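The shown structure was predicted, so the numbers you read here are calculated from the model rather than taken from an experiment. Letters go in sequence order (proteins before strands), and every chain restarts at 1.
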2 protein chains.
Amino acid sequence: MSTTELETIKSNFTQGLSQISQFWGLPKSLGAIFAVLYLSPNALSLNEIVGKTGFTKGAISTSVRTLARMGLVHRQSKLGDRKDYYIAESDFYKVVRSILKGRENSEFNRALASVQETLVDLQTNPNQEGDAEDWDFAKNRVAEMQSFFDNLDNLVRVITALETMNQNTVQKVIALLKK
Amino acid sequence: MSTTELETIKSNFTQGLSQISQFWGLPKSLGAIFAVLYLSPNALSLNEIVGKTGFTKGAISTSVRTLARMGLVHRQSKLGDRKDYYIAESDFYKVVRSILKGRENSEFNRALASVQETLVDLQTNPNQEGDAEDWDFAKNRVAEMQSFFDNLDNLVRVITALETMNQNTVQKVIALLKK
DNA sequence: TAGTTTGTTTAGTAAAAACTAAATAAACTA
DNA sequence: TAGTTTATTTAGTTTTTACTAAACAAACTA
């Protein structure tokens with residue numbers, strides 16, 4: 001009965017993380033799986049996760065891999081046991097850095113590059129007569145955007161370079177901003 | 001012909017922003033509409049946006065409203081003209097603050113609240129005998145998560161409270177983090 | 001070897017989201 | 001008033017995405 005109670009609370013928590021997950025445009029399953037792992041004192045096998053979440057083996061298999069890519073869970077192998085086991089990363093600052101690092105590979109960078117190409121295209125073009133103002137306007141706008149992205153990219157680069165990031169780090173930033 | 005060239009470049013740029021948009025889990029249309037407005041020296045009416053993007057009036061009508069909610073575009077009314085006109089916000093730091101502010105209303109906060117409820121549920125419950133360690137483990141885990149969220153929330157609160165935010169602000173943060 | 005137990009991939013389905021076309025509403029105009 | 005011109009809403013379609021069920025593959029076991 002007390003166990004049931006705990007399970008109920010866990011289930012509510014899982015629902016909450018599912019919603020957060022889909023708020024960020026991710027599948028609910030990711031939130032649910034992470035929640036189950038996060039509240040489990042011991043590593044869980046794929047089939048155990050199936051049992052606790054109700055998703056199929058295939059779904060868990062792929063979901064758990066994307067969670068691992070994000071740095072939110074880690075795969076473990078026990079000796080003499082063919083099963084894989086999964087645990088949740090509980091240091092969220094680590095997760096933030098891991099996700100920010102992931103940006104380099106991603107589709108996102110290809111899109112960013114296309115913005116940069118636009119800027120080059122605009123700059124290398126000889127000024128036209130008829131629509132010179134249009135060209136200049138576009139040039140300035142895209143240059144501003146590029147500068148914003150560069151600035152942001154620097155910030156991310158510095159963050160990912162931090163050997164440690166924790167509450168204290170954030171609080172120092174807050175103190176700086178408050179002035 | 002030179003005009004055609006400029007249009008081609010604009011179209012590439014628009015494609016780029018569309019991809020960025022969908023990378024963040026948003027409809028491509030949002031990126032496309034913003035791109036068109038961002039590169040337009042003058043405010044555009046709804047029908048002009050329809051012409052430049054190829055989406056239907058209905059789609060533009062709703063998309064432009066969500067863009068406005070995010071602070072990415074602004075609606076303008078010209079006197080003696082019944083049409084609405086739209087311009088892009090070009091200060092991206094403003095946009096960041098605007099989006100961060102929007103968090104208060106959102107579904108996101110309801111989900112966060114449910115995490116907090118979980119914590120309360122766990123803490124108010126009298127310790128059980130059989131599964132005391134399970135309760136404690138869950139309690140600690142959820143408390144840690146809550147503390148992370150609180151910390152982040154403070155940061156966001158400070159950022160939105162900033163009267164101005166710009167490249168310089170970011171650079172100061174970078175300088176702080178580098179030490 | 002054949003038989004288990006695991007994880008992954010694939011093909012198909014169900015559900016959700018983005019979008020279109022058209023009806024409606026609202027504000028003006030002649 | 002009836003007729004235009006605009007924006008919004010609605011109902012339905014298309015497209016995309018998440019997921020299931022089942023086949024497959026790989027690693028072990030008897």
Side-chain angles (χ1 to χ4, degrees), chain A residues 14-15 17-37 43-70 72-87 106-107 111, chain B residues 14-15 17-37 43-70 72-87 106-107 111:
Chain A
T14 303
Q15 257 192 279
L17 287 207
S18 296
Q19 286 174 238
I20 290 177
S21 182
Q22 83 171 346
F23 175 86
W24 293 107
L26 305 171
K28 283 181 294 181
S29 55
L30 293 190
I33 295 168
F34 178 81
V36 163
L37 291 174
L44 298 179
S45 72
L46 204 150
N47 277 324
E48 286 172 318
I49 302 176
V50 169
K52 302 218 178 201
T53 60
F55 292 103
T56 59
K57 221 169 30 149
I60 303 286
S61 173
T62 62
S63 301
V64 105
R65 222 176 324 156
T66 81
L67 282 171
R69 252 202 320 274
M70 296 195 251
L72 275 161
V73 314
H74 304 288
R75 179 179 303 213
Q76 289 184 336
S77 307
K78 293 187 186 171
L79 309 88
D81 188 340
R82 205 144 59 71
K83 296 198 206 78
D84 292 342
Y85 289 87
Y86 299 91
I87 57 165
S106 73
E107 201 63 18
Chain B
T14 303
Q15 256 192 279
L17 288 206
S18 297
Q19 285 175 239
I20 290 177
S21 182
Q22 83 170 348
F23 176 86
W24 292 109
L26 304 170
K28 283 181 295 182
S29 55
L30 293 190
I33 295 169
F34 178 80
V36 162
L37 291 174
L44 298 180
S45 73
L46 204 148
N47 277 324
E48 286 172 318
I49 302 175
V50 168
K52 301 218 178 202
T53 60
F55 292 103
T56 59
K57 223 168 30 149
I60 304 287
S61 173
T62 62
S63 300
V64 104
R65 222 176 323 155
T66 80
L67 282 171
R69 251 202 320 275
M70 296 195 250
L72 275 161
V73 313
H74 304 288
R75 180 179 303 214
Q76 289 183 335
S77 306
K78 291 187 186 172
L79 309 88
D81 188 340
R82 202 142 63 69
K83 295 197 207 78
D84 292 342
Y85 289 86
Y86 300 91
I87 58 164
S106 73
E107 200 64 16

Give one of base, sugar-phosphate or nothing for [X], where a contact means two heavy atoms less than 4.0 Å apart.
X: B/Ser45; value: nothing
X: A/Ser63; value: nothing
X: A/Gly80; value: nothing

Tell me which nucleotide among [options] gets nearest to the side chain of [X].
X: B/Thr62; options: D/dT20, D/dT9, D/dA7; result: D/dT9
X: B/Ala59; options: C/dA26, C/dC19, C/dT8; result: C/dC19
X: B/Lys83; options: C/dT20, D/dT6, D/dA7; result: D/dT6
X: A/Pro27; options: D/dC19, D/dA26, C/dA18; result: D/dC19

**Message:** Using the rule salt bridge (charged side-chain N to carboxylate O under 4.0 Å, His left out), only one of B/Lys78, B/Arg75, B/Lys57 pairs with B/Asp84; which is it?
**Reply:** B/Arg75

**Asked** What's the CD1-P distance between A/Ile33 and D/dA18, to the nearest Å?
**Response**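 After rounding, the reported distance stands at 12 Å.
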
**Asked** Under a 4.5 Å cut-off applied to non-hydrogen side-chain atoms, are B/Phe34 and B/Leu30 in contact?
**Response**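 A side-chain contact under 4.5 Å is absent here.
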
**Asked** What heavy-atom pair brings A/Leu17 and A/Ala35 nearest, and what distance separates the two atoms?
**Response**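 Closest approach of A/Leu17 to A/Ala35: CD1-CB, 3.7 Å.
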
**Prompt:** Closest approach of B/Phe55 and B/Val50, non-hydrogen atoms and distance?
**Reply:** O-CG1, 3.3 Å

**Prompt:** If each of A/Ser29 and B/Val64 is mapped to the nucleotide of DNA chain D with the nearest heavy atom, which maps nearer the 5' terminus, i.e. the 5' end?
**Reply:**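 By nearest-heavy-atom nucleotide position, the 5'-most residue is B/Val64.
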
**Prompt:** Closer to the 5' end of DNA chain C via nearest nucleotide, is it A/Lys57 or B/Lys57?
**Reply:**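 Closer to the 5' end of DNA chain C: A/Lys57.
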
